J.: 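Shown below is the structure under consideration.
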Amino acid sequence: MKLNVDGLLVYFPYDYIYPEQFSYMLELKRALDAKGHCLLEMPSGTGKTTTLLSLIVAYMKAHPLDLTKLVYCSRTVPEIEKVMEELRKLMTYYEKELGMEQNILGLALSSRKNLCIHPSVSKEREGKVVDGRCYSLTASFVRARHAADDAVPICEFYEGFDAHGKEFPLPPGVYNLDDLKEYGQMKRWCPYFLARHTITHANIVVYSYHYLLDPKIAEVVSKEISKTSVVVFDEAHNIDNVCIDSMSVKITKRLLDKCSNSITILETTISNMKENDSKRLEKEYKRLVEGLRDATIARETDMALVNPVLPSEVLEEAVPGTIRTAEHFVAFLKRVVEYIKTRLRVQQVVQESPAGFLRDIHTKVCIDRKPLRFTAERLASLIRTLEISDLTDFSPLVTVSHFATLVSTYTKGFTIIIEPFEDRAPTVSNPILYFSCLDSSIAIKPVFNRFQTVVITSGTLSPLDMYPKILDFHPVIMTSFTMTLARPCILPMIVSKGNDQVAMSSRYETREDTAVIRNYGNLLVEVAAAVPDGIVCFFTSYLYLETIVSSWYDQGIIDQLQRHKLLFIETQDAAETSLALINYIKACDNGRGAVLLSVARGKVSEGIDFDHHLGRAVLMFGIPYVYTQSRILRARLEYLRDQFQIRENDFLTFDAMRHAAQCLGRCMRGKTDYGIMVLADKRFSRADKRSKLPKWIQEHLKDTLCNLSTEECVQICKRWLRQMAQPFSREDQLGISLLTLEQLQSEDMQKKIQLRAQGV
Amino acid sequence: MDDYQTCPKCKTTKYRNPAMVLMVNTCGHALCESCVELLFAKGSGACPECKCPLRRNNFRVQLFEDPAVDKEVDIRKRILKEFNKRQEDFPTLREYNDYLEEVETIIFNLVFDIDPTNTNKMIDNYKKENKDITQKNRNRQSQEEMELEELLEAEKAQQSEKANLYVNAELEEKKQKHKAREKLIDELMFSDADAKSIVASHVQATAALAKEQPKAAAQPGVVKSSKFSSGVQIGLRGQHTNSFLPIPKQEDLPLYRYTAPVFDYDGPPPPPIEKLGKLNYFANIRAANITERAGGYTEAMSCCRALQEALGGLFYSPQLMHKTAVLATNSSTQDTDDMETT
């Protein structure tokens with residue numbers, strides 16, 4: 001249908017629209033008009049993706065100069081594919097309505113592993129190996145060598161792309177990963193490089209967060225994206241963690257040993273080259289003396305080694321004299337690695353600021369800050385000069401060089417923590433150096449500064465005001481939408497005590513208590529007896545899950561449970577978990593019913609949907625706080641407190657509640673779906689926890705559902721399930737939670753939407 | 001496992017003797033402590049590996065896994081004591097970099113015993129030429145070092161201050177909560193009022209307190225740093241922050257008060273501008289077109305002015321000095337309007 005959103009003609013590819021989708025468009029349009037950033041929360045299953053796409057595409061068509069590009073960032077490959085499907089639907093609708101080809105090019109980009117069509121390289125399983133082998137076939141010097149000697153293998157697809165692909169742009173249309181591969185096969189062009197080349201002029205680009213947030217990748221892939229773009233981060237409730245991970249480095253003893261090996265390789269290669277072909281080294285040396293930034297860095301194939309973000313004035317400057325020649329640089333690296341090795345030889349935990357580290361490295365091994373800052377850049381240059389084609393061996397050394405560069409560049413917002421052993425196994429010496437980023441705004445700052453509009457959206461972003469604080473930006477619009485429903489299809493409940501009136505809580509003091517564990521077990525058994533099909537349970541940690549399950553065995557709860565449903569457990573092993581998932585789905589599909597025990601923050605809680613019969617109930621056992629004793633977390637909390645005035649408890653609760661909300665949201669994937677959400681912890685009923693749940697859950701969490709015992713909970717469940725089991729058709733929804741064009745345009749509905757816009 | 005350190009002379013490993021400590025001397029070859037005692041009982045001797053003469057009191061505990069690095073660091077420290085020129089001592093960055101490379105080459109040569117005679121000559125030459133600069137720089141910290149020191153000190157100060165502040169604040173808050181709760185219980189126990197109203201008033205009081213809290217917490221606020229994390233000053237050089245002129249102080253004057261102006265027309269009062277349309281004055285003049293309106297012009301203005309001009313000074317006579325004062329306010333002109341329409 002064609003909509004009029006605040007004066008903008010929007011083609012919406014469906015015959016019906018949810019009222020909140022329309023409000024979402026209104027807010028988004030306002031943000032685009034204002035050229036500011038926005039933060040929008042809308043429940044999962046209400047069609048966020050299609051709403052976003054249809055509005056932004058319409059806006060691009062109406063204001064082709066103000067908005068040139070949409071960059072859509074998603075988390076996983078399946079999610080990227082989903083977005084491409086929605087986009088395809090939208091474009092076919094456009095074509096049908098307007099009766100002509102649309103001049104819009106949309107494309108998905110993923111790693112080489114997902115896009116490679118080289119017959120042998122694409123067979124590799126690991127992403128890093130694919131990258132390394134691709135590099136060894138496409139690096140500029142390999143191709144130069146091939147020109148001299150035919151025996152050197154190269155990639156025919158890359159050659160094809162290099163020869164022809166650059167002149168002929170991709171015809172307009174929507175290309176997902178498979179389409180790109182097919183197109184590549186047909187033309188004999190490399191789809192990966194084709195996609196990367198096309199990014200600069202495509203209208204819509206869909207890729208993973210890392211291509212924008214990880215400075216090492218962003219510099220190569222997303223550098224040339226124009227300022228007049230809108231960037232969308234979907235499923236962005238964990239965006240601060242992504243930012244932090246992309247700037248943090250972890251160095252273990254084994255990694256350092258590997259570094260030493262790579263350094264020896266470098267040494268021998270240099271001495272070989274000195275004997276045979278000293279010209280190349282001289283050339284590199286001259287270039288470094290001149291202080292020109294390496295021109296070849298722009299060459300797209302030599303991408304594997306780039307340095308993390310640096311202030312640009314550092315890049316303009318010449319490499320300092322201490323590390324100019326290759327031998328000196330290798331000796332320098334050796335000293336750095338040996339120094340870090342001595343630092344790892346500690347007996348107790350050490351925490352240090354980057355400034356302290358720099359001073360110590362200066363006094364111990366006489367390394368100044370400046371050459372340290374150039375380490376990553378210099379190493380990349382050296383590896384290129386030495387024409388080492390197998391990069392996989394060098395990744396440890398590259399990690400160390402990134403660490404050196406980062407530690408000397410940033411003195412604020414980072415901390416160094418050296419742990420001699422893991423907390424769980426204090427007798428086993430396993431020293432690890434964490435260079436941890438504390439400030440999530442560092443990695444995302446360039447994105448906010450660069451692009452005119454950044455949209456952060458997810459099903460669970462509550463409390464909204466935390467995100468601008470921790471990401472340090474000023475949104476123009478910050479809104480949470482609720483779900484309009486024709487029937488009360490979610491039933492959130494807070495169960496705080498068992499039938500014996502013992503309070504249920506995963507608090508540290510009571511979590512080992514047999515009464516609490518038994519109450520949790522009874523709750524699950526009774527819910528399993530009352531609820532049909534699938535039930536998903538979330539625990540706070542793997543450790544807690546294991547202890548609880550083992551005592552349930554002793555208490556006979558597992559036996560009782562298996563009378564009603566089959567039992568599956570998520571483990572830390574990914575393969576095991578996916579097998580359990582497959583069988584869980586099988587058991588639900590054939591009507592046997594199943595219970596899945598999993599962990600908040602685990603694989604199941606992020607990105608796996610339990611729609612309809614796969615998840616009729618979600619049970620959250622305890623509040624999923626992070627492991628609060630972790631030193632990295634402590635350091636981050638302190639930093640947040642000092643820099644952003646966020647109190648420790650506020651942040652911990654925020655983090656726990658967003659994960660809880662994420663888990664609860666797993667069972668609701670649409671308006672025809674229905675599900676029970678049981679929050680089994682006394683502490684959930686406190687105002688500070690309850691108020692941090694997303695609005696669409698809070699709305700249904702009435703006071704009468706807040707302090708229940710197991711028995712009461714089951715009673716309410718039974719009554720509610722009977723109500724939900726009544727036949728439900730589209731006609732029931734029409735006019736309330738689903739609108740046709742006429743209904744949308746009716747005065748009544750417009751008024752309601754207006755009200756809602758003001759109310760939020 | 002070959003991970004364990006081994007003494008090259010007696011082959012003891014760290015595994016077999018955890019108390020073993022490896023020592024290195026200037027030549028960069030390791031020996032365990034007991035071997036050192038055995039071989040260098042006299043106070044001096046030859047290195048068992050390279051046969052170069054060593055003194056016992058030059059032995060130090062080996063810091064690094066690779067003894068060669070120990071040796072290199074040793075030499076480096078010695079050389080850098082002499083070669084301590086700073087970037088400020090050179091006119092261009094390029095020259096400084098060349099100098100750095102030269103130093104690096106000297107160290108490299110010494111470590112790997114390449115061309116020792118020439119290298120030593122170079123060092124001696126340098127020493128002679130740059131005696132005074134070396135002497136001067138020894139007591140001076142480089143800019144980078146200074147920056148680091150400053151950062152560290154700032155960190156320390158901030159840490160202790162913040163820690164105190166927050167710990168105190170949190171304690172205070174806890175105390176207050178506890179007090180409030182006790183008070184509530186006391187009241188419930190002893191007062192005769194309705195329990196519900198007591199609880200309600202308590203809830204209100206705590207909410208009010210909670211509102212105040214964040215303000216108090218925000219107070220310790222961050223001091224805006226005057227530096228980027230890379231050490232570059234924000235704005236025009238940190239040193240000059242004090243050199244701005246002080247903001248001129250406002251003088252204390254009595255506040256300005258508005259009084260409506262009084263116009264002396266010396267004639268019958270003209271109709272006010274708002275009433276012109278009603279009184280049908282516009283019938284006889286050209287209406288303003290669109291472009292004029294866009295500029296803010298309306299026909300009322302010129303009409304009003306014309307009327308004022310026409311009526312002003314009509315009563316003027318040097319003998320009578322009749323005056324009519326017209327106030328700018330609407331209410332005062334009300335009665336005169338009625339007269340004219342009739």
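Please read these numbers as outputs of a predicted model, since none were measured by experiment. Note on naming: letters A, B, ... go to the chains in the order of the sequence lines (proteins, then strands), and numbering restarts at 1 for each one. Note that these values count all heavy atoms, side chains included, but never hydrogens, waters or copies made by symmetry.
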J.: Using a 4.5 Å cut-off on heavy atoms from C-beta on, say whether the side chain of A:Lys341 contacts that of B:Phe64.
T.: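 The answer is no, as the side chains (C-beta and beyond) never meet within the 4.5 Å cut-off.
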J.: How far does CG of B:Asp70 sit from CZ of A:Arg335, to the nearest 0.5 angstrom?
T.: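 So the CG of B:Asp70 and the CZ of A:Arg335 are separated by 12.5 Å.
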J.: Given a strict heavy-atom distance threshold of 4.5 Å, which part of B:Glu153 is in contact with chain A: side chain, backbone, both, or neither?
T.: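 For B:Glu153, there is no contact with chain A at all, as no heavy atom is under 4.5 Å.
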J.: Please confirm whether the backbone N or O of B:Val73 pairs with a side-chain atom of A:Lys364, one donor and one acceptor, at under 3.5 Å?
T.: no
J.: Is a salt bridge present between A:Arg324 and B:Asp98, judged by a nitrogen-to-oxygen distance below 4.0 Å?
T.: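 Salt bridge between A:Arg324 and B:Asp98, a charged N being under 4.0 Å from a carboxylate O: yes.
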J.: Could you tell me which of A:Glu338, A:Glu327, A:His362 has the largest number of non-hydrogen atom pairs under 4.5 Å with chain B?
T.: A:Glu338
J.: Which value, rounded to the nearest 0.5 Å, describes the distance between A:Asp368 atom CG and B:Leu148 atom CG?
T.: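 The CG atom of B:Leu148 is 9.5 Å from CG of A:Asp368, to the nearest 0.5 Å.
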J.: Looking at B:Tyr99, B:Tyr96, B:Phe108, which one has more heavy-atom pairs under 4.5 Å with chain A than the rest?
T.: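 Max contact count across the listed options: B:Phe108.
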J.: At a heavy-atom separation under 4.5 Å, does B:Glu72 approach chain A through its side chain, its backbone, both, or neither?
T.: side chain
J.: Give the member of B:Ile107, B:Thr105, B:Val103, B:Asp74 that has the highest number of heavy-atom pairs under 4.5 Å with chain A.
T.: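 Going by pairs under 4.5 Å, I would pick B:Thr105.
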J.: Can you tell me how far CD of B:Glu155 sits from OG of A:Ser353, rounded to the nearest 0.5 angstrom?
T.: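 One gets 3.5 Å once the value is rounded to the nearest 0.5 Å.
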J.: Looking only at side chains, do A:Thr322 and B:Glu104 share a donor and an acceptor under 3.5 Å apart?
T.: no
J.: Flag the pair B:Glu170 and A:Arg647 as a salt bridge only when some basic side-chain nitrogen lies within less than 4.0 angstrom of an acidic carboxylate oxygen.
T.: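 A:Arg647 and B:Glu170: not salt-bridged.
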J.: Does A:Gln347 have more than 12 heavy atoms from other residues, nucleotides or ligands lying within 6.0 Å of its CD?
T.: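 Counting other residues, nucleotides and ligands, CD of A:Gln347 stays at 12 neighbours or fewer.
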J.: Whether A:Lys370 and B:Glu147 form a salt bridge (side-chain N of Lys/Arg under 4.0 Å from carboxylate O of Asp/Glu) is what I want to check.
T.: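 Here B:Glu147 does not pair with A:Lys370 in a salt bridge, since their nearest N and O are not under 4.0 Å apart.
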J.: If you draw a 6.0 Å radius around CZ in A:Arg345, do more than 12 non-hydrogen atoms from other residues or ligands fall strictly inside?
T.: yes
J.: Determine whether a donor-acceptor pair (N or O, by modelled atom type, separation under 3.5 Å) exists between the side chain of A:Arg359 and the backbone of B:Leu152.
T.: no
J.: Which pair of non-hydrogen atoms, one from B:Leu151 and one from A:Ala355, has the smallest distance, and what is that distance?
T.: CB-CB, 4.2 Å
J.: If we define contacts as heavy-atom pairs under 4.5 Å, which of B:Leu63, B:Val111, B:Leu80 has the most with chain A?
T.: B:Leu63
